[in-house]
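Index from 1, following the sequence. Keep in mind it's a predicted model, so treat the numbers as computed, not measured.
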Amino acid sequence: MVKPSVLVTRRWPAAVEQRLAAEYEVELNRSDRPLTPSELREAFLKYDAVLPTVTDRIGPDALDVPKAQTRILANYGVGYSHIDLENAKRHGMAITNTPDVLSDCTADLAMTLMLMVARRAGEGERQLRAGDWDGWCPTHLVGTKVSGKTLGIIGFGRIGQEVARRAHFGFGMKIVVFNRSPVDQQVLEQFSAVQENSVDDLLPLCDFVSLHCPGGPETRKLINSRRLDLMKPDAFLINTSRGEVVDEFALAQSLMFETIGGAALDVFEREPAIHPMLQQCTRNLVMLPHLGSATREARQAMGFRVLDNLHDFFDGKPPRDRVA
Ligand code: DGY
């Protein structure tokens with residue numbers, strides 16, 4: 001039997017690449033260079049499956065092909081706002097993602113960011129490595145207590161709930177949530193969480209706000225200057241979801257004028273480019289290079305979850321993580 005042809009757009013963990021190569025007619029991207037729109041167009045004419053990830057902008061230009069050979073876009077990652085779903089569906093492509101397997105690690109990173117920005121860990125490390133630390137004193141790098149504070153979670157899906165678990169049971173935090181569809185009372189009760197009717201209602205209540213909603217047109221610039229003004233003047237914003245959810249110019253202004261306490265970002269609107277005004281916010285902004293799922297365990301599990309989706313699809317079954 002002829003094996004389906006599969007293109008992997010970036011390097012993946014070795015164990016997953018080996019399994020893919022054993023089971024499919026695979027083209028690996030050994031250079032690990034992101035594909036251009038024209039290379040993506042060529043791929044859609046040639047391969048039965050394309051396995052993209054967040055660095056592949058699969059917009060109308062990349063999908064502008066007369067008749068695609070590709071029948072499935074099996075995305076490596078839970079977020080898929082980089083894929084133009086309508087155009088992909090027009091070509092008859094199925095689209096899958098990799099939920100669950102990265103929820104723990106992404107939630108761990110959201111907690112890392114929360115602690116880093118509140119306790120000024122980035123500043124402290126930079127100072128020490130620069131040889132500028134003069135020694136302990138009562139007024140040195142005094143930050144903000146995290147334990148017992150109120151955490152607002154916007155987007156209460158799998159990752160949001162894992163953040164709530166860590167924050168509530170680990171740090172005794174009070175949890176307030178907003179989700180676009182109402183959250184089941186039983187789920188809220190697990191974390192003694194209170195549900196708010198809108199983002200605007202939630203923001204003024206929180207000492208920390210953590211974003212866990214999907215990206216895409218519906219949440220684009222959800223956190224804008226009006227909403228930043230609704231936050232307490234000493235509250236912190238954490239983003240491990242998608243860069244486009246935050247208006248970066250508005251956030252930089254809030255940080256520069258200190259209308260909020262600080263922010264910690266793992267994702268950016270034009271990755272890997274960083275807004276020049278954010279680069280200037282050294283005192284109250286922590287930034288990491290999109291590390292949410294970056295553990296050996298999660299990255300390998302994401303790859304095997306893509307394989308599960310491919311197996312289902314090519315066996316003629318509905319893929320377990322079909323999103324469109
Ligand atoms: C995800 O899974 O969406 C991560 O952000 C990596 O793309």
Under 4.5 Å between any side-chain heavy atoms of L310 and L20, yes or no?
-> yes
Can Q161 and H212 be counted as having a side-chain donor-acceptor contact under 3.5 angstrom? no
In this structure, OG1 of T150 is separated from NZ of K232 (nearest 0.5 Å) by 5.5 Å
**Study point:** Polar side chain donor-acceptor pair, R119 to T144, under 3.5 angstrom
**Key:** no
*Using a strict cut-off of less than 4.0 Å between a Lys/Arg side-chain nitrogen and an Asp/Glu carboxylate oxygen, indicate whether D321 and R305 qualify as a salt bridge.*
yes
| query | If you measure only the distance, is there a donor-acceptor pair under 3.5 Å linking the side chains of T9 and D56? | reply | yes
Q) So H311 and Y24, would you call those rings parallel, tilted or perpendicular, with 30° and 60° as cut-offs? A) parallel
Quiz prompt | Over 12 foreign heavy atoms within 6.0 Å of CD, E23 | solution = yes
Review point. So, E162 and R166, do they make that salt bridge, N to O below 4.0 Å?
Key: yes
Exercise. Regarding D48 and Q69, is there a side-chain donor-to-acceptor distance under 3.5 Å anywhere?
Worked result: yes
Any side-chain donor-acceptor pair under 3.5 Å between E271 and H290?
-> yes
- Item | Side-chain donor-acceptor contact under 3.5 Å, D134 with H140 | no
- Message: Can you confirm whether R270 is buried at CZ, in the sense that more than 12 heavy atoms of other residues, nucleotides or ligands lie under 6.0 Å from that atom?
- Response: no
Inset, instruction - Give the ring-plane orientation class for F236 versus F208, where under 30° counts as parallel, over 60° as perpendicular and anything between as tilted. - result: parallel
Exactly one of L291, D266, L237 clears side-chain contact (heavy atoms from CB on, under 4.5 Å) with L113, and that residue is D266
- Any salt bridge between K46 and E27, counting N to O under 4.0 Å? no
Indicate yes or no: does R226 engage D200 in a salt bridge with an N to O separation below 4.0 Å.
yes
message: Can you confirm whether R320 sits close enough to N309 that some side-chain heavy atom of one is under 4.5 Å from a side-chain heavy atom of the other?
response: yes
* Report yes or no: do S198 and D201 form a side-chain donor-acceptor pair below 3.5 Å? => yes
Practice item. Would you kindly say whether E244 and S81 are connected by a side-chain donor-acceptor distance under 3.5 Å? Key: yes
In terms of side-chain heavy atoms, does D104 have a donor or acceptor partner in T106 at a distance below 3.5 Å? no
